[in-house]
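Everything below concerns the one structure shown next.
All of these numbers come straight from a predicted model, not from anything done at the bench. The residues of the chain are indexed from 1 along the displayed sequence. Note that ligands are numbered from 1 as they come in the structure, with each ligand's atoms numbered from 1 the same way.
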Amino acid sequence: MRVLIINASQLLTLTGPDRPRAGREMSSLGLIRDGAVLIDEEGLIIASGPRDRVQKQAGERISYQLIDAGGRVVLPGFVDSHAHPVFSGPRLDDFERRIQGRSYADIAAMGGGILWTVNGVRGASEQSLADGLRAWARLFLQAGTSTLEAKSGYGLSLEDELKILRVIRAVGREGPLELIATFLGAHAVPPELKGRKDEYMRRVCEEMLPVVSREGLARFVDVFCDEGYFTPEHAERLFKAASQAGLGAKIHAEQLSLTGGSRLAVRAAACSADHLDHIDDAGVQALVGSRTVAGLVPGSNYFFNKPYPPARRLIDSGAAVALATDFNPGTCPCWDMRMILSIACTQMRMSPAEALVAATINGAWALGLGKTHGSLEPGRQADILCYEAEDYREIPYYFGRGSVAWLMKRGQLVYENATMASQSVRDGV
Ligand code: NIG
Ligand code: FE
């Protein structure tokens, strides 16, 4: 049956050019007052716009399910384009060490950090990792996220990386949260190859990547290109191998230091270069006019009490910015895009409109999904979020307290806040 959503106080269509929204374009939400959306039987949008026009298009003789948005804000579900959601447990000792003033490098040297999680994931069964991911997936949905990137990177051996990617595939197939898998074998050097970084990178490119690609287990590769981790030369090698294997590229760049990773990302036509805390002018200029989205993950800066990446400089220079959680047990144990939006506005001085563009359509472009996800235009997937607010600015304003009324994935309601369940849904003709 078709679905007709009416009575959106503000419908944020995110209509715009067919590319990442850059610079001033990031202020445009395609806002329609008293908006409506019509969805077909396949879960694709037929029309979105002012209620009268869309209602006319709904026709008189075709039956549809009517959803009254009750004067709330209706927008695309969040597209969280950077996350590491398959891990074995929290890193609470690291948390305390950091409060005592230890650095990321200190903590790794003390037996914490990425390798602590690798140890846990290697010892965990596929079943328990899948149960864990399912539980997180429910929380992402409740927070309004309808599409999530999911990286591997806590296995660091062929067998363990495949285990993680299979978990992502299985849970993604179950739905309703759509998972986009990224192979992050180049996250750290595993303990058994300590001091042999080049050899590990060779294995990632020549032994792991071909299997990942053959089994269709990932759409992207990613690499932690930073001081103490991998170099731009390593990243370049990986990107070449990925492109031959038909996988797209993403990168963790300039998080701990300036390495030039963002310029490399542009040269490799990566979908996104993420973190960017230490990006320089040459990096910003390279991103401007490119198809590579600047993926900012300010939850990790908040959690580390570190200076934020230069969102204003990026946007004012004309770059396209996406916002993501970077959900992971080490640097950002937050799955909630609402919190990220609030941090983006208050700490990085992004406007609420820019933050919402960054969390929807630009998140979609950061995953190569900009033509199907992240906006409410005809032909796009009906991944729709109804938010308990009359004005979209309330989303980042009521930090830590905002409420999702319901979330729809491909035209199906997949989460409804208990207090408003079913009262707004009825059949219409
Ligand atoms: O995005 N920078 C590398 N990877 C993660 C952290 C992973 C971890 O500490 O477990 C990040 O911050
Ligand atoms: Fe990350």
Side-chain angles (χ1 to χ4, degrees), residues 80-95 97-98 102-122 124 132 136 148-156 160-161 164 180-191 220-231 234-235 238 249-259 261-262 265 270-279 293-306 308-309 322-335 340 343 363 366-367:
D80 185 347
S81 55
H82 182 141
H84 311 241
V86 185
F87 55 86
S88 50
R91 298 221 294 266
L92 301 174
D93 292 339
D94 288 12
F95 182 46
R97 287 169 182 147
R98 194 156 33 251
R102 301 281 187 175
S103 70
Y104 194 61
D106 278 354
I107 290 169
M110 291 164 84
I114 294 173
L115 294 184
W116 189 89
T117 301
V118 169
N119 196 36
V121 167
R122 285 181 172 184
W136 293 125
L148 174 71
E149 192 229 21
K151 300 179 195 287
S152 66
Y154 291 125
L156 310 184
D160 293 297
E161 286 293 303
I164 298 170
I180 307 297
T182 294
F183 169 52
L184 177 57
H187 198 190
V189 177
F220 292 96
V221 297
D222 192 349
V223 48
F224 189 8
C225 179
D226 224 314
E227 198 176 292
Y229 292 84
F230 297 96
T231 63
H234 289 130
L238 176 69
K250 291 170 79 71
I251 189 168
H252 282 70
E254 342 285 15
Q255 179 182 9
L256 310 172
S257 64
L258 176 69
T259 62
S262 43
C271 279
S272 75
D274 297 355
H275 283 280
L276 309 183
D277 303 11
H278 296 271
I279 193 168
V293 174
L296 304 186
V297 290
S300 64
N301 302 79
Y302 168 82
F303 192 65
F304 270 49
N305 192 23
K306 282 270 170 66
Y308 289 88
L323 285 168
T325 57
D326 195 13
F327 179 59
N328 77 77
T331 63
C332 188
C334 171
W335 60 83
I340 304 304
I343 296 174
L367 292 174

- Using a cut-off of 6.0 Å, state whether more than 12 heavy atoms not belonging to Tyr302 lie near its atom OH. no
- Item | Taking atom 12 (O) of ligand 1 as the reference point, the nearest protein heavy atom with its distance | Thr331 OG1, 2.6 Å
- Metal-centred angle, the Fe ion (ligand 2) as apex - NE2 of His252, OD1 of Asp326, 10° resolution: 170°
- Item | the Fe ion (ligand 2) to nearest N/O/S of His82 less than 2.8 Å | yes
- Measure the shortest side-chain to side-chain distance between Pro190 and Val118 over non-hydrogen atoms and say whether it is less than 4.5 angstrom. no
- Quick one: does Asp80's side chain get under 4.5 Å of Glu149's, heavy atoms only? no
- Task: Give the numbers and elements of all ligand 1 atoms closer than 4.0 Å to a heavy atom of Tyr104.
- Result: 6 (C), 7 (C), 8 (C), 9 (O)
- Note on the structure: Numbered in order shown, the ligand 1 atoms found under 4.0 Å of a heavy atom of His187 are 3 (C), 4 (N), 5 (C), 7 (C)
- Check the surroundings of atom CZ in Arg122: do more than 12 heavy atoms from other residues, nucleotides or ligands lie under 6.0 Å from it? yes
- Query: With Lys250, which of Leu184, Leu367, Val223 fulfils side-chain contact (heavy atoms from CB on, under 4.5 Å)?
  - Reply: Leu367
- Query: With a cut-off of 6.0 Å (strictly less than), are more than 12 heavy atoms of other residues, nucleotides or ligands near CZ of Phe95?
  - Reply: no
- Would you say Phe87 touches ligand 1, if touching means a heavy atom closer than 4.0 Å? no
- Item | Proximal atoms of ligand 1 relative to His82 (non-hydrogen, under 4.0 Å) | 1 (O)
- Query: Atoms of ligand 1 less than 4.0 Å from His275 heavy atoms?
  - Reply: 1 (O), 11 (C), 12 (O)
- Query: Looking at Ser81 and Ala322, what are the two nearest heavy atoms and their distance?
  - Reply: OG-CB, 4.2 Å
- Is the shortest N/O to N/O distance between Thr117 and ligand 1 below 3.5 Å? no
- Task: Using a strict 4.0 Å cut-off to heavy atoms of Ile114, name the atoms of ligand 1 that fall inside it.
- Result: 7 (C), 8 (C), 9 (O), 10 (O)
- Name the orientation class of the two ring planes belonging to His187 and His252 (parallel below 30°, tilted from 30 to 60°, perpendicular beyond 60°). tilted
- Atom indices of ligand 1 within 4.0 angstrom of Gln255 heavy atoms, with elements: 2 (N), 3 (C), 12 (O)
- Nearest neighbour of atom 7 (C) of ligand 1 from the list Trp116, Tyr154, Phe224, on a heavy-atom basis: Tyr154
- Asp326 near ligand 1, heavy-atom distance under 4.0 Å? yes
- Task: State, without any angle test, whether Asp326 and His82 hold a side-chain donor-acceptor pair at a distance under 3.5 Å.
- Result: yes
